[in-house]
Novice: 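Here it is, the structure, as structure tokens.
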Amino acid sequence: MIEMKSPEEIGRMAVTGQFVGELLAELHDVADVGVNLMDLEHHARRRIKERGAESSYWDYAPSFGKGPFRNVLCLSVNDAVLHGLPRDYALGDGDLLSVDMAVAIDGWVADSAFSVVVGTPDPADLRLIEATEVALEAGIAAARPGDKLGDVSAAIGEVAHRYGYGVSVEFGGHGLGRTMHEAPHVPNNGRPGRGMRLEPGLTIAIEPWFCATTDKIRFDDDGWTIRSADGSRTAHSEHTVAITPTGPQVLTRRPTRAARPDHHEKPAVNS
Ligand code: MG
Ligand code: MG
């Protein structure tokens, strides 16, 4: 069943989305060469606790993972693309990091992710990240009331193909609201004009992820981390989006650096 949200409920999801955007922006600033993944995890745990938010990941035990998950972030490095387990690892020069987070505030969930290269970037990695970001914006732009879910999927897939990347339709976007994963599934490729009609009140996470040279994945022995099958690099971009009568509303935009308080410019991460 798909639960449609009232404008008031979308407003409550937007409150959560604002916090998720702010915290991801902080983590984007903190991520750097030499920073340990557990520093990012502990920074996020502290901020989530301070805000009175609840991690949607903690204790999550889905069929696709070796649950329960006991972290608040998914941190996926290089060939890892989804569900990366935070671990004792210091980021190296040129590492490609994907950060994914979902929390609830007062029972309403928002979910968002970004990828970034720390240190000296390989242009090929920046292009891969750009492709997921362009695909995300294309998917959002296609999420108009009256259009079909397949239009969103097709818009994402079209960008992947234009950039020359393959697409897996496993682990795409999803409905969300009172819980993190709800119907409908939002595949990262599809046919325009197909699928359910997008109505005002539908809230979905749109999340393109691509691997540089394969559309196949493999599961790491840790029971969670999903990697490209061929070891090539990967990237992932995600926003929570509400369909409104006037068009898509992105609930998890990250604030620009200028719009953020100074004390979040470069937070201390040693805990
Ligand atoms: Mg996510
Ligand atoms: Mg998601």
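Just follow the structure's listing: the first ligand is 1, and inside any ligand the first atom is 1. In this text, all values refer to a predicted model and were calculated from it rather than measured experimentally.
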Novice: Report the name of the N/O/S atom of E238 located nearest to the Mg ion (ligand 2).
Specialist: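 Within E238, restricted to N, O or S, the Mg ion (ligand 2) is closest to atom OE2.
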Novice: Aromatic rings H28 and F114: how do their planes relate, parallel, tilted or perpendicular, breaks at 30° and 60°?
Specialist: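 Aromatic pair H28/F114 classed tilted.
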Novice: I'd like to check L202 versus M196 (side-chain heavy atoms, cut-off strictly below 4.5 Å). Are they in contact?
Specialist: yes
Novice: Please tell me whether D215 and S168 have a donor and an acceptor in their side chains that are separated by less than 3.5 angstrom.
Specialist: no
Novice: Any idea which N/O/S atom from E207 gets closest to the Mg ion (ligand 2)?
Specialist: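 This residue's closest N, O or S atom turns out to be OE2.
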Novice: Does any N, O or S atom in D111 come within less than 2.8 Å of the Mg ion (ligand 2)?
Specialist: yes
Novice: Counting C-beta onward and ignoring hydrogens, is there a side-chain heavy-atom pair between F219 and T225 closer than 4.5 Å?
Specialist: no
Novice: Would you say the Mg ion (ligand 2) has H174 as a near neighbour, meaning an N/O/S atom of that residue under 2.8 Å away?
Specialist: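 A backbone or side-chain N, O or S atom of H174 is under 2.8 Å from the Mg ion (ligand 2).
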Novice: If you look at D100, which of its N/O/S atoms is nearest to the Mg ion (ligand 1)?
Specialist: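 The D100 atom nearest to the Mg ion (ligand 1), restricting to N, O or S, is OD1.
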Novice: Consider only side-chain N and O atoms of Y60 and R70, and report whether a donor and an acceptor are under 3.5 Å apart.
Specialist: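 Y60 vs R70: no donor-acceptor pair found between side chains.
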